[in-house]
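Structure first, commentary second.
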Amino acid sequence: MHPLYIQNSLSRKKELFEPLNAPHVGMYVCGPTVYSNVHLGNVRTFLSFDVIYRYLEFIGYKVRYVRNITDVGHLVGDADEGEDKIGKIARLQKIEPMEVVQKYTNDFHDVMRVFNILSPSIEPTATGHIIEQISSIEKIMENGYAYEVNGSVYFSVRKFSEDYPYGELSGRKIDELMNNTRDLDGQSEKQDPLDFALWKKADDSHLMRWPSPWGIGFPGWHLECSVMSTKYLGEEFDIHGGGMDLKFPHHECEIAQNIGANKTPNPVKYWIHGNMLTVNGRKMAKSEGNGFTPEELITGNHKLLERGYSPMTVRFFMLMGHYASTLDFSNDALQAAEKGLTKLNNAVEALGKLQGASEDNNDIDIKALSDKCFAAMNDDFNTPILIASLFDGVKTINSAADGRIELGEGQIEDLKKLYSGFMIDVLGLVSEGSERAEGSEDLSSNLLDLLVELRADAKEKKDWSSADRIRNTLSEMGITIKDSKEGSSWSHE
RNA sequence: GGUCCGAUGGCCGAGUGGCUAGGCUCUGCUCUGCAAAAGCAGCUACAGCGGUUCGAAUCCGCUUCGGACCUCCA
């Protein structure tokens, strides 16, 4: 097994990855709250963890990957004082909350599929775990870290912090938090502004409601992640991921709840946080009005976009940056990524057609290239370095394809394995545009082969105008003809 | 206001005490009927000012600028 190093948000250090129960790995990632369409910033986080998941599996771990759907409890506006986000949409549109949930869950799944982001092993929902959440609240109360007020239950941060550290993950100190907390107009039932809701009483206007020992109500936002991660991964598990913006308060509260319920001092061994996608240096967010949906990106139907970009181009663009760094969106960067990906794909295609010699070329070291690829990923999933290494190999492949150098049969096999492993299995970059119907595909490809033959005849007779006419007309249809010593080939974009 | 992070060549974006990141763009060359593709070469940067060091873009300090979090946010 390769030694893998992960930047742990909790310790702020790069640490050797040692799972609690190798080869099994438990990984939990905070999923979306399904009250609106996901935007590209959301996609970036799920993509980052998709690659992490893929790589862990690639190097032999058996990963149980849990990514939740938040379908209740996430409130609008002020913490613990606003309306439920999903309930609000349901009220405004006069539909059932579960219709809202279904609609945006479907949208989320569609988007994940488009970007070739793998499904998690388990995708639990908050509403599916109300009973577990209630019993978790009871445990926290028994341990003395929560109190009931008027049908609602709150977590007592101050009480908790007497026994365990609070704020370690986000680097906050209780006293500083106290000083910086806004007044809540004296309307709050909370004993302390830092406290957060575990269970909220539902008044008659509330659409989402469940019975509990404290009356009719609904669970607080942070609770579901604590409960579902514990249920499916255990009281202590390996990796917890999510966007940087969830560090505080969400993840901090999660830790407090886990410890508060189970008294396990270290519920999560490695915390991983993905950084934000930015537009003109600012975080992409709905409130900024600078977010766009994957559909807008693909069609190019948005004022920030010069034109549309394919999902794999976007995927590649995002992987050219490291997950822990902010990544700035721009048309230029997308276009650069598009060209780069084409170059990579062309090389992989050329690799498939290479004829090997019986003896290896001693000037070329495939093993060294492979080692570089693994080393890149083992260093905190450094996809930009991995991609740079793959481009190094592109030169070798193209040189061989052009007949400038010769590779051994075994070397070609190793390269094929390397590229299918890292490009498809790890980076998830599949080729696009091959979804056309089988029958028409055969027909048009036969027709194209014929045209290429006719053009070869024309070239033979030095009838350049006919040859160029075929090439130019096809080019207008999006088909590119490439001439080489071995003959001509065509490709469709 | 508090906490934290960042500032890299025309653009994007890695790296990090001494070794070419890579991609895109641009220029030139090779190949080629031309073109495309490909290959080769060039453009050789680390915000500013001090300090540590044989040596710093990389460590330390200060300054300037930007961002994130402290409300909901992936």
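Please read all numbers here as calculations on a predicted model, not as lab measurements. Note on naming: letters A, B, ... go to the chains in the order of the sequence lines (proteins, then strands), and numbering restarts at 1 for each one.
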Determine: side-chain N/O of A/Lys286 to OP1/OP2 of B/rC72, distance under 4.0 Å, yes or no.
no

Please walk me through it: do A/Asp379 and A/Lys14 pass salt bridge (Lys or Arg N to Asp or Glu O under 4.0 Å)?
CA-CA 9 Å; A/Asp379 185 11; A/Lys14 214 174 264 185; 2.8 Å; yes

Is the shortest side-chain N/O distance from A/Lys343 to OP1 or OP2 of B/rC24 below 4.0 Å?
yes

Taking the six-membered ring for Trp, are the ring centroids of A/Phe108 and A/Phe46 within less than 6.0 Å of each other?
yes

Sub-6.0 Å ring centroid separation between A/Phe374 and A/Phe422:
yes

Partners of A/Asn345 by side chain to side chain contact (heavy atoms under 4.5 Å, CB included), sequence neighbours excluded?
A/Leu341, A/Met423

Is any N or O donor-acceptor pair between the side chain of A/Asn382 and the base of B/rG15 shorter than 3.5 Å?
no

I want to check one thing: is the phosphate of B/rG67, taken as OP1 and OP2, less than 4.0 Å away from some side-chain N or O of A/Arg282?
yes

Over all strands shown, is A/Gly41 touching base, sugar-phosphate only, or nothing at heavy-atom distances under 4.0 angstrom?
base

Look at A/Asn398 and B/rA38 and indicate whether a side-chain polar atom (N or O) is within less than 4.0 Å of OP1 or OP2.
no

So do the side chains of A/Leu10 and A/Glu15 get within less than 4.5 Å of each other, counting heavy atoms only?
no

So, OP1 or OP2 of B/rA14: does either fall under 4.0 Å of a side-chain N or O from A/Ser325?
yes

Below 3.5 Å, does any donor atom in the side chain of A/Arg44 face an acceptor in the base of B/rA74, or the other way round?
no

Heavy-atom protein contacts under 4.0 Å, nucleotides 41-48 of chain B, coded B base, S sugar-phosphate only, - none:
--------

Under-4.0 Å side-chain N/O to phosphate OP1/OP2 contact, A/Lys395 with B/rG23:
yes

Which one, B/rA14, B/rC69, B/rG22, comes nearest to the side chain of A/Ile385?
B/rA14

Using the salt bridge (Lys or Arg N to Asp or Glu O under 4.0 Å) rule, take A/Arg12 and A/Glu168 through it: C-alpha gap first, then chi angles, then the decisive distance, then the call.
CA-CA 10 Å; A/Arg12 293 174 188 77; A/Glu168 258 189 348; over 6 Å; no

RNA chain B nearest-nucleotide lookup for A/Arg12 and A/Lys283: closer to the 5′ end is A/Arg12

Please work out which of the three classes, parallel, tilted or perpendicular, describes the rings of A/His251 and A/His273, given edges at 30° and 60°.
tilted

Donor/acceptor link under 3.5 angstrom from A/Asp483 side chain onto base of B/rC34
yes

